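Below is one structure, written out as structure tokens; the observations come after it.
Note: hydrogens, waters and symmetry copies are ignored here, and every other heavy atom, side chains too, is used. All values reported here derive from a predicted model rather than from experimental measurement.
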Amino acid sequence: IWAGTFEGGLSNFDPITGNVTTYRHKDRDPRSLPNDNVWSVCPDGQGHLWIATFNGGLSLFDLTSRMCTNFASNPKSPNGLPGNDIRLVF
């Protein structure tokens with residue numbers, strides 16, 4: 001079970017073991033979450049979670065490596081995200 005939190009990052013609850021693992025932003029790690037404000041989480045059925053963040057853009061979390069690829073707004077790119085406040089992924 002995956003849950004996004006405001007200021008607490010992304011958490012995974014394993015109902016079999018009862019363990020909770022939390023993934024948070026790390027300042028010097030570009031493969032971590034872009035920030036700890038997660039609005040929405042959506043699995044894509046291909047081993048990833050799409051993560052919508054407040055002012056951090058969009059993140060693709062790899063369930064195998066437990067690393068993120070982050071996508072942020074770039075004013076110089078007309079085909080990119082229009083902003084970094086992504087409220088919902090589905």
Side-chain angles (χ1 to χ4, degrees):
I1 299 170
W2 292 92
T5 66
F6 193 77
E7 296 184 355
L10 177 70
S11 293
N12 176 242
F13 172 68
D14 183 331
I16 295 171
T17 65
N19 293 332
V20 175
T21 304
T22 300
Y23 300 90
R24 301 196 62 160
H25 170 73
K26 297 175 185 166
D27 284 334
R28 296 182 183 178
D29 184 357
R31 299 297 308 259
S32 71
L33 286 171
N35 67 31
D36 289 329
N37 300 313
V38 176
W39 284 119
S40 175
V41 179
C42 181
D44 69 2
Q46 297 179 8
H48 305 95
L49 299 175
W50 286 95
I51 301 168
T53 71
F54 175 71
N55 285 332
L58 185 65
S59 188
L60 181 64
F61 183 79
D62 186 297
L63 292 168
T64 301
S65 69
R66 302 294 203 227
M67 294 183 179
C68 293
T69 301
N70 299 310
F71 305 92
S73 175
N74 180 348
K76 295 179 182 179
S77 175
N79 298 320
L81 293 173
N84 287 323
D85 184 11
I86 311 296
R87 299 288 174 111
L88 181 65
V89 288
F90 59 94

Under 3.5 Å: donor-acceptor pair, side chain of [X], backbone of [Y]:
| X | Y | value |
| --- | --- | --- |
| S73 | L81 | yes |
| S32 | D29 | yes |
| S11 | A3 | no |
| D14 | N19 | no |

Among L33, T5, T22, which one satisfies side chain to side chain contact (heavy atoms under 4.5 Å, CB included) with L10?
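Option passing the side chain to side chain contact (heavy atoms under 4.5 Å, CB included) with L10: L33.
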Partners passing side-chain contact (heavy atoms from CB on, under 4.5 Å) against N37 (at least two apart in sequence or in another chain):
F6, E7, N35, F54
R66 side chain near F61 side chain, heavy-atom distance below 4.5 Å:
yes
Show your working on side-chain contact (heavy atoms from CB on, under 4.5 Å) between W50 and V41 and close with a plain yes or no.
CA-CA 6 Å; W50 286 95; V41 179; over 6 Å; no
Working to the nearest 0.5 Å, report the span between [atom1] of [X] and [atom2] of [Y].
| X | Y | atom1 | atom2 | value |
| --- | --- | --- | --- | --- |
| I1 | N12 | CD1 | CG | 8.5 Å |
| W39 | I51 | CH2 | CD1 | 15.0 Å |
| I86 | F71 | CD1 | CZ | 11.5 Å |
| S59 | H48 | OG | NE2 | 11.0 Å |
| D62 | C68 | CG | SG | 9.0 Å |

Shortest non-hydrogen separation from [X] to [Y] and the atoms involved:
| X | Y | answer |
| --- | --- | --- |
| V89 | S40 | N-OG, 3.2 Å |
| P34 | N70 | CD-OD1, 3.2 Å |
| D36 | H25 | OD1-N, 2.6 Å |

With hydrophobic residues grouped by side-chain heavy-atom distances under 4.5 Å, do F13 and W2 end up in a single group?
no
Step by step, work out the side-chain contact (heavy atoms from CB on, under 4.5 Å) result for L49 and Y23.
CA-CA 13 Å; L49 299 175; Y23 300 90; over 6 Å; no
